There are 2 protein chains.
Amino acid sequence: MTKNYASEISSPLSSSHEDYLKAIYILETRGEQVTNSALSEYIGFTPASATNMVKKLAQMDLVIYRPHQAVALTPTGRRVALEILRHHRLLELFLHKTLDIPWDKVHEEAERLEHVLSEALEDAIAASLGYPKVDPHGDPIPSKNGEISHTPGLPLSQSEAGRAYRLVRVLSQERERLAYLGKLGLHLNVEVFLHEQAPFDGPVLVEVAGEEHALAADMAALLQVVPASAE
Amino acid sequence: MTKNYASEISSPLSSSHEDYLKAIYILETRGEQVTNSALSEYIGFTPASATNMVKKLAQMDLVIYRPHQAVALTPTGRRVALEILRHHRLLELFLHKTLDIPWDKVHEEAERLEHVLSEALEDAIAASLGYPKVDPHGDPIPSKNGEISHTPGLPLSQSEAGRAYRLVRVLSQERERLAYLGKLGLHLNVEVFLHEQAPFDGPVLVEVAGEEHALAADMAALLQVVPASAE
DNA sequence: GATATAATTTAGCCATGACTAAAAACTACG
DNA sequence: CGTAGTTTTTAGTCATGGCTAAATTATATC
């Protein structure tokens with residue numbers, strides 16, 4: 001299991017370590033405080049287990065932990081998290097483009113593969129895809145040295161009606177949700193026309209590839225779009 | 001970690017379980033008795049650890065274990081071993097053909113990936129490669145229902161001099177050895193002309209792509225060839 | 001067939017990373 | 001500002017799968 005972590009890391013990290021760091025990273029980017037309960041709920045283990053692991057990560061200088069406080073990644077911890085995220089998103093795109101795995105299935109596959117991806121394989125995959133910037137859901141792929149771009153786009157639910165947009169990101173990894181969107185033709189980079197946004201968080205009427213569909217408001221909130229005219 | 005094991009298997013298997021079963025399978029195919037020491041040496045753990053695991057595998061009806069006797073796979077155990085071997089060899093070929101990973105590096109990569117390959121991914125890979133029969137070293141790929149073919153071919157070291165042969169299999173996974181062979185142009189299916197086999201296990205003089213090379217006898221013994229004229 | 005040597009197994013230890021249950025510490029409200 | 005309720009931590013358990021050291025069993029030789 002060849003790893004690429006910042007050379008500062010002494011002990012090798014298990015998949016568990018990596019999963020926790022990735023989870024903390026993702027929760028951090030949501031802007032919320034990474035409380036113990038948020039973390040434990042996200043990773044699907046008990047709060048006691050989360051505390052336990054967080055303390056270990058703190059000993060390795062991957063997170064900053066003060067009892068009863070929100071956890072935070074250290075720079076090194078963030079590097080590790082971003083490397084795993086890079087693995088994950090490169091794998092998602094690779095599986096999608098090279099093996100035609102549908103976008104609603106790539107997440108769970110990548111979830112397991114990301115921990116056993118060598119440096120060499122990561123590079124080969126990135127090269128074979130032409131050093132891509134986003135995965136099949138529009139999530140940005142961190143660069144090899146831990147930089148990550150901000151994807152532009154606003155929620156469809158907050159966009160002006162009567163205009164055309166391009167779908168640039170879907171903020172969900174849920175299989176059923178993605179499968180549903182896919183069936184409507186709502187793939188990445190597809191053009192959608194926003195007919196109407198019903199008030200009081202009512203359904204959103206969109207047209208995709210000539211067909212009209214009504215989307216639940218919270219579904220539309222997950223669809224990040226840019227005006228279709230833009231570039 | 002979606003698994004494909006014969007439905008008879010109750011508890012899920014860890015990578016360790018799978019590694020042991022694969023090791024036992026490989027040792028069995030070598031014809032030798034799978035003693036505890038042979039097994040422990042092959043997998044690189046202590047004999048005590050091997051005994052321990054073999055007893056667990058016996059409880060799961062994956063191997064037959066009688067103290068102080070050679071271990072043997074049960075039909076179910078063989079199915080599991082063959083499935084992992086299928087994963088391994090499909091992955092080797094996939095990495096080699098799709099990502100241009102050299103044949104001397106694919107083994108160690110596949111070694112980690114084979115345990116986290118889902119059924120769906122296995123199928124997708126097999127399909128994308130056109131349901132191949134052998135991996136980049138000429139090792140046969142077990143079929144989905146656990147059949148495995150016998151590769152024809154005889155050791156180059158035992159072949160008649162003055163004739164042309166085609167390399168159909170290399171019986172080694174050692175990185176350096178494979179890298180060396182690759183440098184000489186000795187890849188799978190390449191044509192070689194056997195000039196001379198020096199007596200008393202002396203070097204073997206071969207011609208590959210116009211160049212002549214002297215191979216150590218034990219190296220030549222690992223090269224399985226068929227007469228070049230054959231089909 | 002006794003005994004030396006080699007192989008195998010047993011017994012017991014350790015780290016990992018999950019868990020439950022109970023204790024402790026925060027928060028918020030009356 | 002004290003107490004109820006929630007969150008977090010602690011303490012201790014368990015299974016896993018390595019390990020070492022010691023006991024046992026097989027084997028092989030005289």
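Just so you know, these numbers come straight off a predicted model, no measurement behind them. Proteins come first, then strands; the chains are lettered A, B, ... in the order of their sequence lines, and each starts at number 1. In what follows, every heavy atom counts, from backbone to side chain, and hydrogens, waters and symmetry copies are set aside.
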Inset, instruction - Ignoring backbone atoms, test whether Ser14(A) places a side-chain nitrogen or oxygen under 4.0 Å from the OP1 or OP2 oxygen of dG17(C). - result: yes
Legend entry - Side-chain H-bond candidate by donor/acceptor type, Asn36(A) with His68(A), under 3.5 Å: no
Inset, instruction - Specify the separation, in whole Å, of atom CD of Gln59(B) and atom C1' of dA15(D). - result: 13 Å
Inset, instruction - Verify the contact: side-chain N or O of Thr51(B) to OP1 or OP2 of dT9(C), cut-off strictly under 4.0 Å; return yes or no. - result: yes
Inset, instruction - Kindly say if His17(A) contacts the phosphate of dG17(C), meaning a side-chain N or O under 4.0 Å from OP1 or OP2. - result: yes
Legend entry - Phosphate contact (dG17(C) OP1 or OP2) by Lys56(A) side-chain N/O below 4.0 Å: yes
Inset, instruction - Look at Thr46(A) and dC19(C) and indicate whether a side-chain polar atom (N or O) is within less than 4.0 Å of OP1 or OP2. - result: yes
Inset, instruction - Under 4.0 Å between any heavy atoms, over every strand shown, what does Pro67(B) touch: base, sugar-phosphate, or nothing? Just pick one. - result: sugar-phosphate
Legend entry - Spacing of Lys144(A) atom NZ and Arg86(A) atom CZ [to the nearest 0.5 Å]: 6.0 Å
Legend entry - Side-chain N or O of Tyr20(B) closer than 4.0 Å to phosphate OP1/OP2 of dG17(D): no
Inset, instruction - Please state how far atom CG in Asn52(B) lies from atom C1' in dT9(C), giving the value in whole angstrom units. - result: 10 Å
Inset, instruction - Measure the NE2-CD1 distance between His107(A) and Ile101(A) for me, rounded to the nearest 0.5 Å. - result: 15.0 Å
Inset, instruction - Give Ala48(A) one of three labels, base, sugar-phosphate or nothing, depending on what nucleic acid heavy atoms sit under 4.0 Å from its own. - result: base
Inset, instruction - Find the distance Met60(A):CE to dG17(C):C1' and express it as a whole number of Å. - result: 11 Å
Inset, instruction - Check whether any side-chain N or O of Ser16(A) sits under 4.0 Å from OP1 or OP2 of dA18(C), and answer yes or no. - result: yes
Legend entry - Spacing between Gln69(B) atom CD and dA7(C) atom C1', to the nearest angstrom: 13 Å
Inset, instruction - Please state whether the phosphate of dC19(C), meaning OP1 or OP2, lies under 4.0 angstrom from any side-chain nitrogen or oxygen of Ser49(A). - result: yes
Inset, instruction - Quickly work out the Phe45(B) CZ to dC14(C) P distance and round it to whole Å. - result: 20 Å
Legend entry - Donor-acceptor side-chain pairing of His88(B) and Glu92(B) below 3.5 angstrom: yes
Legend entry - Between dG17(C) (C1') and Met53(A) (CE): distance, integer Å: 6 Å
Inset, instruction - May I ask you to evaluate whether Ser37(A) reaches the phosphate of dT7(D), defined as a side-chain N or O under 4.0 Å from OP1 or OP2? - result: no
Legend entry - His68(A) NE2 - dT6(D) P separation (whole Å): 17 Å
Legend entry - Residue-phosphate contact under 4.0 Å: Lys55(A) side-chain N/O, dT9(D) OP1/OP2: no
Legend entry - Charged N-O contact under 4.0 Å between Glu108(B) and Lys105(B): no
Inset, instruction - Figure out the NE2/C1' separation between His115(B) and dT16(D), and round it to whole Å. - result: 16 Å
Inset, instruction - Report yes if some heavy atom in the side chain of Val80(B) is under 4.5 Å from a heavy atom in the side chain of Tyr25(B); otherwise report no. - result: no
Inset, instruction - Taking only the side-chain nitrogens and oxygens of Asn36(B), find out if one of them lies under 4.0 Å from OP1 or OP2 of dT9(C). - result: yes
